[in-house]
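All remarks here apply to the structure that follows.
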Amino acid sequence: MPGGEATAYGYFGPVGTFTHQALLTLDPPAPADPVPYATVGQALQAVRDGEVAAALVPIENSVEGGVTATLDNLAYGDPLVITGEVLLPVQFGLYARPGTSLADVRLVTTHPHAEAQCRRWLADHLPEAEVVVGGSTAAAAAEVAHEGSRFDAAICAAVAGDLYGLEALASGIADNPDAVTRFVLVSRPVPVGQPTGADKTTLVLFMRENHPGALLEILEQFASRGVDLCRIESRPTRRTLGDYCFSIDAEGHVGDARLAEAMMGLYRTCAEVVFLGSYPRADHLAPDVRPGTANDDYAAASSWLERLRG
Ligand SMILES: O=C(O)C(=O)C[C@]1(C(=O)O)C=C[C@@H](O)C=C1
(Lines give C-alpha, C1' and ligand atoms only; values in the text may rest on other atoms or scores of the structure.)
Protein backbone atom coordinates (compact mmCIF):
# COMPACT_ATOMS: atom_id res chain seq x y z
CA MET A 1 0.00 0.00 0.00
CA PRO A 2 1.46 3.37 -0.89
CA GLY A 3 1.42 5.50 2.27
CA GLY A 4 1.47 2.50 4.65
CA GLU A 5 -1.01 -0.04 5.99
CA ALA A 6 -4.64 0.34 4.91
CA THR A 7 -6.97 1.33 7.76
CA ALA A 8 -10.32 1.58 5.94
CA TYR A 9 -12.81 -1.30 5.95
CA GLY A 10 -14.31 -2.83 2.83
CA TYR A 11 -17.86 -4.15 2.59
CA PHE A 12 -20.23 -5.92 0.22
CA GLY A 13 -21.71 -2.86 -1.48
CA PRO A 14 -22.65 -0.54 -3.01
CA VAL A 15 -23.90 2.04 -0.48
CA GLY A 16 -27.34 0.98 0.78
CA THR A 17 -26.83 -2.81 1.02
CA PHE A 18 -27.80 -4.51 4.24
CA THR A 19 -24.07 -5.11 4.68
CA HIS A 20 -23.50 -1.35 4.52
CA GLN A 21 -26.22 -0.79 7.15
CA ALA A 22 -24.61 -3.47 9.33
CA LEU A 23 -21.22 -1.76 8.93
CA LEU A 24 -22.69 1.47 10.32
CA THR A 25 -23.63 -0.37 13.54
CA LEU A 26 -20.13 -1.78 14.22
CA ASP A 27 -18.87 -1.26 17.75
CA PRO A 28 -16.16 0.10 17.83
CA PRO A 29 -17.23 2.06 14.73
CA ALA A 30 -15.58 1.35 11.38
CA PRO A 31 -12.88 3.87 10.37
CA ALA A 32 -14.01 6.67 8.02
CA ASP A 33 -14.47 6.13 4.27
CA PRO A 34 -15.39 2.45 4.00
CA VAL A 35 -14.85 0.96 0.55
CA PRO A 36 -17.74 -0.82 -1.26
CA TYR A 37 -17.06 -3.94 -3.35
CA ALA A 38 -19.56 -5.40 -5.82
CA THR A 39 -19.14 -9.00 -4.63
CA VAL A 40 -18.25 -10.83 -1.44
CA GLY A 41 -15.26 -12.36 -3.28
CA GLN A 42 -13.91 -8.94 -4.24
CA ALA A 43 -14.33 -7.61 -0.68
CA LEU A 44 -12.40 -10.58 0.77
CA GLN A 45 -9.72 -10.39 -1.93
CA ALA A 46 -9.19 -6.72 -1.04
CA VAL A 47 -8.45 -7.84 2.53
CA ARG A 48 -5.97 -10.46 1.30
CA ASP A 49 -4.28 -7.87 -0.94
CA GLY A 50 -4.00 -5.38 1.94
CA GLU A 51 -6.19 -2.85 0.08
CA VAL A 52 -8.41 -2.61 3.18
CA ALA A 53 -7.74 -3.56 6.81
CA ALA A 54 -10.88 -5.70 7.11
CA ALA A 55 -14.17 -6.34 5.31
CA LEU A 56 -17.74 -6.91 6.43
CA VAL A 57 -19.63 -9.62 4.52
CA PRO A 58 -22.90 -11.52 5.08
CA ILE A 59 -22.48 -15.12 6.29
CA GLU A 60 -25.89 -16.39 7.40
CA ASN A 61 -29.56 -15.49 7.22
CA SER A 62 -32.21 -16.79 9.62
CA VAL A 63 -34.53 -17.74 6.73
CA GLU A 64 -32.25 -18.59 3.82
CA GLY A 65 -29.30 -20.09 5.72
CA GLY A 66 -25.61 -19.80 4.89
CA VAL A 67 -24.21 -17.33 2.36
CA THR A 68 -22.20 -19.83 0.37
CA ALA A 69 -20.06 -17.19 -1.40
CA THR A 70 -18.69 -16.23 2.03
CA LEU A 71 -18.46 -19.73 3.53
CA ASP A 72 -16.54 -21.13 0.55
CA ASN A 73 -14.24 -18.15 0.13
CA LEU A 74 -13.21 -18.34 3.80
CA ALA A 75 -12.76 -22.13 3.66
CA TYR A 76 -10.68 -22.30 0.47
CA GLY A 77 -8.97 -18.96 -0.10
CA ASP A 78 -5.69 -17.81 1.50
CA PRO A 79 -6.13 -17.67 5.28
CA LEU A 80 -8.40 -14.99 6.74
CA VAL A 81 -9.93 -14.73 10.21
CA ILE A 82 -13.22 -13.47 11.60
CA THR A 83 -12.70 -10.88 14.33
CA GLY A 84 -16.30 -9.84 14.98
CA GLU A 85 -19.93 -10.30 14.00
CA VAL A 86 -23.05 -8.11 13.63
CA LEU A 87 -26.73 -9.10 13.54
CA LEU A 88 -29.18 -7.00 11.54
CA PRO A 89 -32.95 -7.46 11.15
CA VAL A 90 -33.64 -7.39 7.40
CA GLN A 91 -36.83 -6.04 5.88
CA PHE A 92 -37.59 -5.68 2.22
CA GLY A 93 -39.75 -3.47 0.01
CA LEU A 94 -40.51 -3.33 -3.69
CA TYR A 95 -39.09 -0.11 -5.16
CA ALA A 96 -39.56 1.41 -8.62
CA ARG A 97 -38.95 4.63 -10.54
CA PRO A 98 -41.49 7.33 -9.63
CA GLY A 99 -44.68 6.96 -11.67
CA THR A 100 -44.53 3.14 -11.86
CA SER A 101 -47.52 1.27 -10.47
CA LEU A 102 -47.62 -2.33 -9.27
CA ALA A 103 -49.56 -3.30 -12.39
CA ASP A 104 -46.61 -2.09 -14.57
CA VAL A 105 -44.11 -4.43 -12.91
CA ARG A 106 -42.99 -7.25 -15.22
CA LEU A 107 -39.27 -7.59 -14.48
CA VAL A 108 -37.85 -7.44 -10.92
CA THR A 109 -34.21 -7.62 -9.82
CA THR A 110 -32.56 -8.28 -6.44
CA HIS A 111 -30.00 -10.36 -4.52
CA PRO A 112 -30.70 -14.14 -4.51
CA HIS A 113 -31.19 -14.17 -0.71
CA ALA A 114 -33.71 -11.34 -0.93
CA GLU A 115 -35.64 -13.12 -3.70
CA ALA A 116 -35.76 -16.27 -1.56
CA GLN A 117 -37.08 -14.31 1.41
CA CYS A 118 -39.93 -12.66 -0.55
CA ARG A 119 -41.06 -15.64 -2.64
CA ARG A 120 -44.53 -15.93 -1.17
CA TRP A 121 -45.26 -12.22 -1.56
CA LEU A 122 -44.05 -12.32 -5.17
CA ALA A 123 -46.23 -15.36 -5.93
CA ASP A 124 -49.29 -13.66 -4.38
CA HIS A 125 -48.83 -10.14 -5.75
CA LEU A 126 -46.74 -10.45 -8.92
CA PRO A 127 -47.39 -13.99 -10.18
CA GLU A 128 -46.64 -12.97 -13.78
CA ALA A 129 -43.44 -11.05 -13.04
CA GLU A 130 -39.99 -12.46 -13.76
CA VAL A 131 -37.28 -12.05 -11.10
CA VAL A 132 -33.64 -11.77 -12.20
CA VAL A 133 -31.16 -12.13 -9.37
CA GLY A 134 -28.05 -9.99 -9.40
CA GLY A 135 -25.24 -8.55 -7.26
CA SER A 136 -26.85 -7.03 -4.17
CA THR A 137 -30.11 -5.40 -3.14
CA ALA A 138 -28.58 -1.92 -3.41
CA ALA A 139 -27.01 -2.68 -6.81
CA ALA A 140 -30.51 -3.76 -7.88
CA ALA A 141 -31.96 -0.44 -6.69
CA ALA A 142 -29.21 1.50 -8.52
CA GLU A 143 -29.92 -0.50 -11.68
CA VAL A 144 -33.68 0.21 -11.54
CA ALA A 145 -32.98 3.92 -10.98
CA HIS A 146 -31.40 4.21 -14.46
CA GLU A 147 -33.87 5.76 -16.87
CA GLY A 148 -34.20 3.12 -19.57
CA SER A 149 -33.32 0.19 -17.28
CA ARG A 150 -34.90 -3.04 -18.44
CA PHE A 151 -35.99 -3.69 -14.85
CA ASP A 152 -39.25 -2.26 -13.52
CA ALA A 153 -38.58 -2.75 -9.81
CA ALA A 154 -36.03 -3.85 -7.20
CA ILE A 155 -36.45 -5.71 -3.93
CA CYS A 156 -34.26 -3.85 -1.47
CA ALA A 157 -34.11 -2.07 1.89
CA ALA A 158 -35.98 1.22 2.33
CA VAL A 159 -32.57 2.89 2.76
CA ALA A 160 -31.50 1.75 -0.72
CA GLY A 161 -34.85 2.68 -2.30
CA ASP A 162 -34.62 6.22 -0.87
CA LEU A 163 -30.93 6.57 -1.70
CA TYR A 164 -31.41 5.77 -5.37
CA GLY A 165 -34.51 7.98 -5.76
CA LEU A 166 -37.05 5.14 -6.03
CA GLU A 167 -40.58 4.96 -4.65
CA ALA A 168 -42.02 2.13 -2.56
CA LEU A 169 -44.70 0.11 -4.34
CA ALA A 170 -44.93 -2.16 -1.31
CA SER A 171 -43.12 -2.42 2.03
CA GLY A 172 -42.66 -5.24 4.53
CA ILE A 173 -42.83 -7.86 1.76
CA ALA A 174 -40.64 -10.51 3.38
CA ASP A 175 -42.33 -13.86 3.96
CA ASN A 176 -40.86 -13.85 7.46
CA PRO A 177 -41.01 -10.36 9.01
CA ASP A 178 -38.48 -11.30 11.73
CA ALA A 179 -35.61 -12.33 9.44
CA VAL A 180 -32.11 -11.52 10.68
CA THR A 181 -28.83 -11.60 8.74
CA ARG A 182 -25.50 -12.18 10.43
CA PHE A 183 -22.42 -10.41 9.05
CA VAL A 184 -18.78 -11.09 9.90
CA LEU A 185 -15.81 -8.74 10.03
CA VAL A 186 -12.88 -10.48 8.36
CA SER A 187 -9.21 -9.56 8.43
CA ARG A 188 -5.86 -11.10 7.56
CA PRO A 189 -4.65 -13.46 10.32
CA VAL A 190 -4.11 -11.52 13.56
CA PRO A 191 -3.42 -12.75 17.11
CA VAL A 192 -6.71 -13.95 18.56
CA GLY A 193 -8.37 -11.55 21.07
CA GLN A 194 -8.99 -12.39 24.74
CA PRO A 195 -12.06 -14.49 25.65
CA THR A 196 -15.01 -12.30 26.72
CA GLY A 197 -17.12 -15.09 28.25
CA ALA A 198 -19.62 -14.85 25.36
CA ASP A 199 -17.70 -15.86 22.24
CA LYS A 200 -18.06 -17.90 19.10
CA THR A 201 -15.45 -19.87 17.14
CA THR A 202 -15.70 -20.69 13.43
CA LEU A 203 -14.04 -23.82 12.03
CA VAL A 204 -14.03 -25.76 8.76
CA LEU A 205 -13.43 -29.48 9.15
CA PHE A 206 -12.17 -31.76 6.39
CA MET A 207 -12.58 -35.48 7.10
CA ARG A 208 -9.85 -38.09 6.57
CA GLU A 209 -12.15 -40.34 4.53
CA ASN A 210 -15.85 -40.99 4.50
CA HIS A 211 -16.82 -43.83 6.85
CA PRO A 212 -19.80 -44.75 9.01
CA GLY A 213 -20.03 -42.41 11.99
CA ALA A 214 -17.53 -39.83 10.64
CA LEU A 215 -19.86 -36.93 11.48
CA LEU A 216 -20.63 -38.49 14.85
CA GLU A 217 -16.89 -38.56 15.66
CA ILE A 218 -16.73 -34.83 14.98
CA LEU A 219 -19.82 -34.10 17.04
CA GLU A 220 -18.53 -36.22 19.93
CA GLN A 221 -15.50 -33.95 20.25
CA PHE A 222 -17.84 -31.09 21.05
CA ALA A 223 -20.50 -33.01 22.98
CA SER A 224 -18.09 -34.70 25.41
CA ARG A 225 -16.65 -31.27 26.34
CA GLY A 226 -20.05 -29.59 26.75
CA VAL A 227 -19.54 -27.30 23.72
CA ASP A 228 -22.77 -26.25 22.00
CA LEU A 229 -22.82 -25.62 18.25
CA CYS A 230 -24.55 -22.52 16.80
CA ARG A 231 -24.32 -23.57 13.14
CA ILE A 232 -23.21 -26.62 11.19
CA GLU A 233 -23.51 -27.08 7.46
CA SER A 234 -21.88 -29.29 4.93
CA ARG A 235 -20.24 -27.80 1.86
CA PRO A 236 -18.82 -29.68 -1.12
CA THR A 237 -15.02 -30.05 -0.98
CA ARG A 238 -14.97 -29.63 -4.80
CA ARG A 239 -12.82 -32.76 -5.06
CA THR A 240 -15.47 -35.27 -6.10
CA LEU A 241 -19.23 -35.50 -6.03
CA GLY A 242 -20.44 -36.47 -2.56
CA ASP A 243 -17.28 -35.30 -0.74
CA TYR A 244 -18.18 -32.69 1.89
CA CYS A 245 -16.50 -30.62 4.58
CA PHE A 246 -18.28 -29.11 7.59
CA SER A 247 -18.51 -25.41 8.33
CA ILE A 248 -19.15 -24.96 12.05
CA ASP A 249 -19.73 -22.17 14.56
CA ALA A 250 -19.16 -23.41 18.10
CA GLU A 251 -19.96 -21.64 21.32
CA GLY A 252 -16.82 -20.43 23.12
CA HIS A 253 -13.27 -19.26 22.48
CA VAL A 254 -10.05 -21.07 21.60
CA GLY A 255 -8.82 -19.72 24.96
CA ASP A 256 -11.58 -21.71 26.78
CA ALA A 257 -10.20 -25.07 27.90
CA ARG A 258 -13.28 -27.06 26.80
CA LEU A 259 -13.20 -25.69 23.25
CA ALA A 260 -9.40 -26.02 23.05
CA GLU A 261 -9.72 -29.70 24.09
CA ALA A 262 -12.46 -30.24 21.49
CA MET A 263 -10.24 -28.62 18.83
CA MET A 264 -7.32 -30.87 19.78
CA GLY A 265 -9.67 -33.84 19.40
CA LEU A 266 -10.70 -32.56 15.95
CA TYR A 267 -7.06 -32.06 14.99
CA ARG A 268 -6.42 -35.72 15.81
CA THR A 269 -9.59 -36.92 14.05
CA CYS A 270 -9.82 -34.78 10.91
CA ALA A 271 -7.58 -34.48 7.85
CA GLU A 272 -7.57 -30.69 8.29
CA VAL A 273 -9.04 -28.15 10.70
CA VAL A 274 -9.26 -24.59 9.37
CA PHE A 275 -9.48 -22.10 12.27
CA LEU A 276 -11.44 -19.03 11.16
CA GLY A 277 -11.27 -17.16 14.48
CA SER A 278 -12.70 -16.75 17.97
CA TYR A 279 -14.63 -13.50 18.43
CA PRO A 280 -17.27 -11.91 20.68
CA ARG A 281 -20.88 -12.94 20.03
CA ALA A 282 -23.09 -10.13 18.77
CA ASP A 283 -25.92 -11.26 21.08
CA HIS A 284 -23.60 -11.37 24.14
CA LEU A 285 -25.15 -14.69 25.18
CA ALA A 286 -22.88 -16.48 27.64
CA PRO A 287 -22.77 -20.29 27.30
CA ASP A 288 -24.39 -22.63 29.77
CA VAL A 289 -21.20 -24.19 31.20
CA ARG A 290 -21.91 -27.86 31.99
CA PRO A 291 -20.58 -29.24 35.27
CA GLY A 292 -16.98 -30.40 34.86
CA THR A 293 -16.23 -28.34 31.72
CA ALA A 294 -15.09 -24.98 33.18
CA ASN A 295 -11.43 -23.86 32.82
CA ASP A 296 -10.84 -24.70 36.52
CA ASP A 297 -12.11 -28.25 35.98
CA TYR A 298 -9.64 -28.79 33.13
CA ALA A 299 -6.81 -27.22 35.18
CA ALA A 300 -7.63 -29.50 38.14
CA ALA A 301 -7.67 -32.55 35.84
CA SER A 302 -4.23 -31.61 34.40
CA SER A 303 -2.73 -31.13 37.87
CA TRP A 304 -4.13 -34.50 38.94
CA LEU A 305 -2.50 -36.15 35.91
CA GLU A 306 0.81 -34.41 36.64
CA ARG A 307 0.70 -35.73 40.20
CA LEU A 308 0.02 -39.28 38.97
CA ARG A 309 2.97 -39.06 36.61
CA GLY A 310 5.10 -38.10 39.59
O1 LIG B 1 -27.70 -7.46 -0.93
C2 LIG B 1 -27.54 -6.99 0.20
O3 LIG B 1 -28.04 -5.94 0.57
C4 LIG B 1 -26.70 -7.72 1.16
O5 LIG B 1 -26.15 -7.14 2.06
C6 LIG B 1 -26.63 -9.20 1.02
C7 LIG B 1 -27.73 -9.98 1.72
C8 LIG B 1 -27.32 -11.49 1.81
O9 LIG B 1 -26.32 -11.89 1.28
O10 LIG B 1 -28.02 -12.24 2.50
C11 LIG B 1 -27.89 -9.52 3.07
C12 LIG B 1 -29.07 -9.54 3.70
C13 LIG B 1 -30.31 -9.98 3.04
O14 LIG B 1 -30.60 -11.26 3.61
C15 LIG B 1 -30.18 -10.08 1.57
C16 LIG B 1 -28.98 -9.93 0.97
Side-chain angles (χ1 to χ4, degrees), residues 9-26 30 34-47 52 54-75 82 84-95 108-122 131-145 151 153-164 166 168 170-186 202 230-231 233 235 247 249 282-283:
Y9 287 1
Y11 66 96
F12 176 37
V15 171
T17 54
F18 288 101
T19 314
H20 181 230
Q21 291 179 56
L23 182 91
L24 300 178
T25 71
L26 279 179
V35 187
Y37 291 91
T39 66
V40 166
Q42 285 168 16
L44 295 179
Q45 195 51 44
V47 178
V52 287
L56 194 72
V57 290
I59 191 166
E60 176 186 8
N61 173 267
S62 61
V63 175
E64 218 7 53
V67 179
T68 53
T70 301
L71 295 174
D72 293 349
N73 192 303
L74 293 178
I82 300 172
E85 65 171 12
V86 184
L87 301 177
L88 186 83
V90 289
Q91 272 156 14
F92 303 94
L94 186 75
Y95 285 82
V108 178
T109 180
T110 192
H111 183 279
H113 263 218
E115 184 270 337
Q117 291 175 69
C118 301
R119 237 169 239 158
R120 202 165 346 117
W121 187 91
L122 286 165
V131 184
V132 177
V133 293
S136 67
T137 54
E143 164 68 43
V144 169
F151 296 106
I155 295 175
C156 60
V159 171
D162 293 347
L163 200 67
Y164 294 99
L166 303 178
S171 345
I173 65 171
D175 299 338
N176 181 335
D178 302 318
V180 173
T181 298
R182 174 176 162 236
F183 301 85
V184 284
L185 188 64
V186 176
T202 301
C230 320
R231 180 183 61 84
E233 52 199 300
R235 292 293 305 149
S247 172
D249 292 331
D283 57 14

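Both ligands and their constituent atoms are indexed starting at 1 by order of listing.
By the 3.5 Å distance cut-off applied to N or O atoms, S136 is not counted among the residues near ligand 1. In terms of polar-atom proximity, defined here as any N/O pair under 3.5 Å, P58 makes no such contact with ligand 1.
If you number the atoms of ligand 1 from 1 as listed, the ones under 4.0 Å from a heavy atom of T19 come out as 4 (C), 5 (O). Under a 4.0 Å criterion applied to the non-hydrogen atoms of N61, ligand 1 contributes the atoms 14 (O).
The residue from H111, Q21, H20 that puts a heavy atom closest to atom 8 (C) of ligand 1 is H111. Evaluated by nearest non-hydrogen atom to atom 12 (C) of ligand 1, the leading choice among T181, T17, L23, T137 is T181.
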Expected list for residues 62-72: side-chain donor-acceptor pairs under 3.5 angstrom, two or more places apart:
residue: S62; atom: OG; partner: V180; partner atom: N; Å: 2.8
residue: S62; atom: OG; partner: V180; partner atom: O; Å: 3.4
residue: T70; atom: OG1; partner: P58; partner atom: O; Å: 2.6
residue: D72; atom: OD1; partner: R235; partner atom: NE; Å: 2.9
residue: D72; atom: OD2; partner: R235; partner atom: NE; Å: 3.4
residue: D72; atom: OD2; partner: R235; partner atom: NH2; Å: 2.6

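In Q117, the part holding a heavy atom less than 4.0 Å from any atom of ligand 1 is the side chain.
Counting only heavy atoms from C-beta outward, the side chains of W121 and D175 approach each other to under 4.5 Å. Taking the side chain as every heavy atom from C-beta outward, V144 and Y164 never approach each other to under 4.5 Å. Side-chain contact between I82 and L74 is present, with at least one heavy-atom pair separated by less than 4.5 Å.
Once rounded to the nearest 0.5 Å, the distance linking NE2 of H20 with CG of L88 reads 12.0 Å.
With respect to R182, the side-chain contact (heavy atoms from CB on, under 4.5 Å) criterion is satisfied by exactly one of N61, D283, D249: D249.
Partners of R119 under the salt bridge (charged side-chain N to carboxylate O under 4.0 Å, His left out) rule, at least two apart in sequence or in another chain, are E115.
Closest to atom 10 (O) of ligand 1 among all protein heavy atoms lies H113 ND1, 3.0 Å. For atom 6 (C) of ligand 1, the closest heavy atom belonging to the protein is F12 CE2, 3.6 Å.
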